[in-house]
There are 2 protein chains.
Amino acid sequence: MVQYATTDLDMSFAVLADATRRGVLEQLGREAASITQLADRFHMTLTGMKKHVGVLEQAGLVVTEKVGRVRTCRIGARRLDDAAAWIERYQLLWDARFDGLDQVIDELKQREQSDATNDDRDNRGEGTR
Amino acid sequence: MVQYATTDLDMSFAVLADATRRGVLEQLGREAASITQLADRFHMTLTGMKKHVGVLEQAGLVVTEKVGRVRTCRIGARRLDDAAAWIERYQLLWDARFDGLDQVIDELKQREQSDATNDDRDNRGEGTR
DNA sequence: TAAATACTGAACCTCATGGTTCAGTATGCG
DNA sequence: CGCATACTGAACCATGAGGTTCAGTATTTA
């Protein structure tokens with residue numbers, strides 16, 4: 001479908017945006033588990049958990065292996081380095097920006113105060129029709 | 001339930017799961033911009049970009065200020081520390097898990113070899129934990 | 001004052017997500 | 001064998017995300 005246009009980074013972050021999936025990752029980080037065990041632990045149907053595991057597996061964050069009728073899930077070889085790297089890069093940008101802007105911010109705060117006496121409504125402009 | 005204070009983390013990661021939003025953050029990290037400028041840069045309607053900015057603003061990652069008819073967007077005071085922290089914590093878990101399993105894996109490989117000389121082609125040896 | 005600019009909000013569209021139920025299939029056990 | 005267990009897949013559902021258009025409102029500019 002459409003989804004293949006999305007990048008690894010998109011997928012990494014999207015995967016992490018779900019609390020259940022983060023929980024599963026942490027759980028598997030501690031100990032391998034079957035689908036049933038995970039479903040129980042997160043109060044969800046087998047089918048529902050299977051989907052989450054599928055997402056995690058497709059992202060390379062989890063590997064599974066079926067032995068007999070039991071599918072065992074473990075954390076996968078892929079780390080979250082790309083996501084971590086993006087955030088780290090952004091932190092640098094942020095630091096540079098804010099370090100350089102410290103004076104400007106002070107100025108803005110002062111200006112804000114004088115503006116407040118004048119006009120403090122910013123987003124609710126309609127009074128007249 | 002076992003879950004975290006899901007909302008913040010959920011939001012942080014969800015915000016980052018969109019390439020446009022990541023781009024906007026990077027852009028604003030370099031230089032403040034109006035909605036129109038951002039919309040142009042990312043080939044999107046004003047309304048569309050406004051929504052993204054709204055999401056970023058609600059997450060505290062962007063602040064905006066309307067002066068006259070122009071709304072100027074800047075990166076906000078909030079850093080991505082919570083997201084970074086989660087990933088970092090997971091990296092530790094991951095390392096511990098995989099470091100701890102190194103010997104096991106080595107053993108398994110060796111066992112594989114001796115098994116191959118035998119007759120048993122079953123190498124799914126993780127049964128014992 | 002009239003026209004262009006910049007944003008805003010409502011309504012709508014399409015598609016993905018997170019979850020379910022239900023009906024299988026394969027496996028293990030007594 | 002016959003039943004319970006464990007997973008699988010299809011179908012369905014509700015919600016929300018990401019985007020659009022269209023019709024405004026407010027501000028600047030000529």
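Just so we're on the same page: letters track the sequence lines, and every chain starts at 1. Model, not experiment: these values are computed from the prediction.
- A:I35 comes within contact range of the sugar-phosphate backbone alone, with a heavy-atom separation under 4.0 Å but no base atom that close.
- Neither OP1 nor OP2 of C:dG19 sits under 4.0 Å from any side-chain N or O of A:K51.
- For A:M11 and C:dT17, the CE to P distance is 11 Å, given to the nearest whole Å.
- Here C:dT5 presents its C1' atom at 18 Å from CE of B:M49, a figure rounded to the nearest Å.
- For B:T45, a side-chain nitrogen or oxygen approaches OP1 or OP2 of D:dT20 to under 4.0 Å.
- Rounded to whole angstrom, the span from the CZ atom of B:F42 across to the C1' atom of D:dG18 amounts to 15 Å.
- Listed pair B:R69 / C:dA4 fails the phosphate criterion, with no side-chain N or O lying under 4.0 Å from OP1 or OP2.
- Side-chain atoms of B:T72 and B:E65 form no donor-acceptor pair, as typed in the model, at a separation below 3.5 Å.
- Put simply, CG on B:L56 is 10 Å from P on D:dG18, counting in whole angstrom units.
- Rounded to whole Å, atom C1' of D:dG9 lies 8 Å from atom NZ of A:K50.
- Side-chain nitrogen and oxygen atoms of A:R71 include at least one within less than 4.0 Å of the OP1 or OP2 phosphate oxygen of D:dT8.
- Other residues, nucleotides and ligands contribute only 12 or fewer heavy atoms inside 6.0 Å of the CD atom of B:E88.
- Side-chain contact check for B:E26 and A:W86: at least one donor-acceptor pair (N or O, by modelled atom type) lies under 3.5 Å.
- Nucleotides of DNA chain C nearest to B:S34 and A:H52 differ in position, and the one nearer the 5' end is that of B:S34.
- Between the side chain of A:T20 and the base of C:dG18, no donor-acceptor pair of N or O atoms lies under 3.5 Å.
- Atoms CG (B:D10) and C1' (C:dT17) sit 13 Å apart, rounded to a whole Å.
- In this structure, a donor-acceptor pair under 3.5 Å is present between the side chains of B:S12 and B:R78.
- Whole-Å rounding puts the B:M44 CE to D:dG19 P distance at 4 Å.
- Rounded to whole Å, atom P of D:dG19 lies 14 Å from atom CG of B:L46.
- For B:Q58, the CD atom sits in a loose shell: 12 or fewer heavy atoms of surrounding residues, nucleotides or ligands are nearer than 6.0 Å.
- Considering only side-chain N and O atoms, B:R21 lies under 4.0 angstrom from the phosphate OP1 or OP2 of D:dG18.
- When the side-chain nitrogen and oxygen atoms of B:H43 are compared with OP1 and OP2 of D:dG19, none of them lie within a distance under 4.0 Å.
- Residue contacts for B:G68: at a heavy-atom cut-off of 4.0 Å it reaches the sugar-phosphate backbone alone, with no base atom in range.
- The side chain of A:T47 lies closest to D:dA10, out of D:dA10, C:dG19, C:dG9.
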